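Model, not experiment: these values are computed from the prediction.
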Amino acid sequence: MGLACRLSALGLLLSALLVCTRSQDRESVFAIVGEDFTFSPKVNGTIREITWMKNKDKAAEWEQDAKSPVYYYSLAERGVLETSSGNLTIKKLNIGDAAEYEAQVLPVGVDQLQYTKFVLAVLDPPPPSVLNCSITNGQIRISCEIQFSKDVRYSWYRDDRKIDANSPVLELKGNVNPSEKVLCVREVSKTKINNSISLSTCIPENPESLSRGRAGLIAFFVIIIILLLFMGALVVLWKRGLLSNILDQIPTKHSAVYKSEEQHLTDDDRFPEESGQKEDYENISGRNQEPEEKKKSKETLSTNQDDNSSNQENPDYENISGGNQEPEEKKNSKESLSMSQADHSFNQEKTDLKLESETD
């Protein structure tokens, strides 16, 4: 009996030690919705069997003789179990994944299970925010602090150059280039939030430049309003049919030049036949006309040429008419000779009468 009591007491002690060991391996972790999270258990030796529990239910398990792990519940499509290390990855976390996870590992050649516990908290992403800047004692002060329940890591970049600062506030001393940009990176778990700001927004502008900009903006809006009113007036006139009348009354460039030329012209310029320039007008027009006698001679010549051509085409007619008619030139010469003889005889008689009268 004494030995049995001693053995039972030893078993209770070992159980108590095992519970203490399991409670010491419990780790609290957190992640952000949408992230991928990996649990890494502590394993001594080569894994022969491993089982992952979510609260009191199996989530995934694997044995050495099995080809691939087996997944349960929501991890069937989002869980990845690495059989060599025992790591369990859950992809695209959601709020329902928040729970207590326990890894039960049985190494090769060991009959005792090894336990590792995790308590996972799944949080919503940090709220969006913007950078704020101000100038204090000639220094530019930029803040990108956010309020979050977990630790936030900050890093700063100035024109893609990292600045050694792990603080939610950045202070820049001395002269700065307004064209530079400052980037703040906030990291919560695996989630990064980036925000940038231009230093030109931190430097106040000159009041004169502000007034000029406002004046230019006002002038621009005034011009736009005037153009809109003008277009509205044109539309109203067009609908009432008055726009065409106004356009008809506006002289064009061609009509204005024509009217100015008419005003400079006198009556003599418009009607040269009724003025003293009639002779010049006739001389100018006469240059383009041939003399009447020359015109008639050309017509006679063309007629004779036509007669000759017709006579040449009819040689029998020339032979018949040639015997009965004299040539035209010969006939004309005879008539001229008879007329000159008549004139000569008339002049001779006139001379004889004159001599007789002088003798008497």
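- In this structure, Lys190 contributes its side chain and Asp36 its backbone to a donor-acceptor pair below 3.5 Å.
- Side-chain polar atoms of Ser189 and Glu35 form a donor-acceptor pair below 3.5 angstrom.
- Residues satisfying the side-chain contact (heavy atoms from CB on, under 4.5 Å) test with Cys202, not counting sequence neighbours, are Cys133, Ile140, Ile197.
- Glu49 pairs in a side-chain contact (heavy atoms from CB on, under 4.5 Å) with only one of the listed residues (Val105, Leu106, Asp65), which is Leu106.
- No salt bridge links Lys54 with Glu100; every basic N to acidic carboxylate O contact stays at or beyond 4.0 Å.
- Defined by atom type and a distance below 3.5 Å, a donor-acceptor pair is present between the side-chain atoms of Gln104 and Glu102.
- Donor-acceptor pairing under 3.5 Å is lacking for the side chains of Glu187 and Tyr154.
- For Tyr101 and Phe39, the ring centers sit closer than 6.0 Å to each other.
- Between the side chain of Trp156 and the backbone N or O of Ser167, at least one donor-acceptor pair lies under 3.5 Å.
- The backbone N or O of Asp57 sits nowhere less than 3.5 Å from a side-chain atom of Asn55 that would complete a donor-acceptor pair.
- Looking at Tyr71, its side chain does come within 3.5 Å of a backbone N or O of Leu81 through a donor-acceptor pair.
- Within the 3.5 Å criterion, the main-chain N or O of Gly96 finds a donor-acceptor partner in the side chain of Asn94.
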